[in-house]
Amino acid sequence: MPSDTVSQGLERLLLTYARTDLTIARGEGCRVWDADGREYLDFGGGIAVVSLGHCHPGPLAAAQAQLERLWHVSNLYRTEPAEELASLLSARFGGAQAFFCNSGAEAIEAALKYARKATGKPGVVALEGSFHGRTLGALSATGQPGKRTAFEPLVPGVRFVPPNDVQALQHAADEEVGLILLEPVLGEGGVVPLDAEFVAAAAALPQLLCVDEVQTGVGRTGSFFAFEELGVRPDLVTLAKGLANGLPIGALLVADDSTGAFAPGDHGSTFGGNPVSCAVACAVVEAIDAELLDNVQLRVARLAGALAPLPGVISVRGCGLLIGIEVEGAAVAVVDAARESGLLVLTAGANVVRLTPPLTVTAEDVEDALQVLERILC
Ligand code: PLP
């Protein structure tokens with residue numbers, strides 16, 4: 001049981017999350033344990049963050065080695081982990097420069113500023129139902145009125161179009177628009193994959209295209225970047241969640257043919273490029289190999305195949321291990337029932353249950369999760 005001091009500490013946290021009364025104390029692989037020692041199978045993975053599983057030995061060793069060497073130095077100096085990570089990401093992208101920050105929202109802020117500086121245009125086209133973060137700039141480009149209204153006026157110039165509506169996109173992208181911002185699969189917005197045709201139409205427009213891979217990137221969808229499966233090469237990419245297996249990090253990648261807009265002083269972050277986060281991220285990126293990506297495809301095939309025919313399931317959608325199960329009733333009821341049975345899953349909107357387990361999830365973990373979900377969704 002948590003001590004009294006810890007229990008009272010809950011009241012000392014600002015009320016920004018509807019927290020479940022479950023204190024997680026330890027994790028290993030796809031499993032976590034609560035403060036009383038009860039085991040849970042973690043199919044949320046910190047919302048698509050713990051990509052290699054809890055306390056994976058690779059990132060753990062990288063963090064320990066870096067902690068003994070150097071924790072922090074200003075970005076006024078060079079560090080090896082940040083430069084190594086930038087090189088690894090550039091190689092995966094096929095030629096890019098990186099800016100490192102601490103979260104997905106910060107990566108989006110960097111993209112918004114970069115696009116303004118590069119194009120001189122303030123307009124942005126984003127998607128209805130999208131989610132790009134909670135800071136004012138990222139919220140301005142988030143197409144969910146419920147999250148925005150209380151904080152208006154937001155940054156002006158953002159137009160929203162329905163996902164997969166090519167005509168609406170082409171109409172909105174006029175001469176005032178410098179940036180088109182898309183999630184390849186709308187994650188928080190209900191796990192809605194974009195059509196390849198729609199993304200290709202966005203890439204064909206003269207504006208900069210930023211693909212927000214904060215949730216989909218780093219192997220989650222079965223390739224290192226989700227855009228690889230859509231046949232486009234964006235100008236900008238944002239990464240965060242899964243990049244450092246749970247340590248805070250965010251990244252903006254700028255394709256080589258779009259670099260040069262930022263000059264010293266235009267942007268920055270005290271903690272951005274932190275040596276420990278970057279050393280861990282290098283270990284994560286190196287671990288995303290063909291074998292791990294095959295594991296993603298195998299596990300999703302089994303999960304989707306078993307879940308789709310269940311009577312309580314309307315549809316199963318997503319890409320790789322970003323799975324949305326559209327259910328008959330309230331998704332939160334499924335989440336609660338699963339937790340009671342020792343399985344942690346997420347929602348993505350009112351009637352979509354979201355699964356984002358570690359990419360290292362085993363066949364046995366999948367069978368254990370299915371046993372619980374099949375019982376609840378029958
Ligand atoms: N972009 C996408 C696609 C996301 O899913 C999220 C978070 O869920 C964000 C941006 C914001 O990331 P963060 O919570 O790290 O600021």
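We count ligands from 1, going down the list as the structure has it; atoms in each ligand are counted the same way. When a residue number appears, it is its place in the shown sequence, counting from 1.
For atom 1 (N) of ligand 1, the closest heavy atom belonging to the protein is D212 OD2, 2.7 Å. Distance from atom 15 (O) of ligand 1 to its nearest protein heavy atom, with residue and atom name: G104 N, 2.8 Å.
Atoms of ligand 1 lying under 4.0 Å from any heavy atom of K241, numbered from 1 in the order shown and given with element: 5 (O), 7 (C), 8 (O). Atoms of ligand 1 lying under 4.0 Å from any heavy atom of E188, numbered from 1 in the order shown and given with element: 8 (O). Near S103, with a cut-off below 4.0 Å to any heavy atom, the atoms of ligand 1 are 15 (O), 16 (O). In summary, the atoms of ligand 1 found under 4.0 Å from a heavy atom of V214, numbered by their order in the structure, are 1 (N), 2 (C), 4 (C), 6 (C), 9 (C), 10 (C), 12 (O). Those atoms of ligand 1 that come under 4.0 Å of a heavy atom in G133, given as number and element, are 11 (C). Residue E183 approaches ligand 1 through these ligand atoms, each under 4.0 Å from one of its heavy atoms: 3 (C).
Some N or O of A105 is nearer than 3.5 Å to an N or O of ligand 1, by distance alone. Looking at ligand 1, you'll find an N or O of Q215 within less than 3.5 Å of one of its N or O atoms.
Side-chain atoms of T135 and E106 form no donor-acceptor pair, as typed in the model, at a separation below 3.5 Å. A donor and an acceptor atom, one from each side chain of T360 and N295, are nowhere located under 3.5 Å apart. Checked by atom type, the side-chain pair E183/S130 shows no donor-acceptor distance below 3.5 Å.
Protein heavy atoms come within 4.0 Å of atom 5 (O) of ligand 1.
Salt-bridge check for R302 with E367: passed, with a basic side-chain N closer than 4.0 Å to an acidic carboxylate O. Look at R31 and D365 and you find a salt bridge, because one of the NZ, NE, NH1 or NH2 atoms lies within 4.0 Å of a carboxylate O, short of that distance.
Not a single heavy atom of R134 sits closer than 4.0 Å to an atom of ligand 1.
Across all their heavy atoms, V191 and A348 have their closest contact at CG2-CB, 4.0 Å.
Between P156 and P122 there is no side-chain heavy-atom pair separated by less than 4.5 Å.
Between Y114 and F262, the ring-plane angle classifies as perpendicular under the 30° and 60° cut-offs.
In this structure, the separation between NZ on K241 and CD on E213 is 13.5 Å, given to the nearest 0.5 Å.
Contact annotation: for E106 versus ligand 1, there are no heavy atoms closer than 4.0 Å. At a heavy-atom cutoff of 4.0 Å, ligand 1 is contacted by no atom of A240, backbone or side chain.
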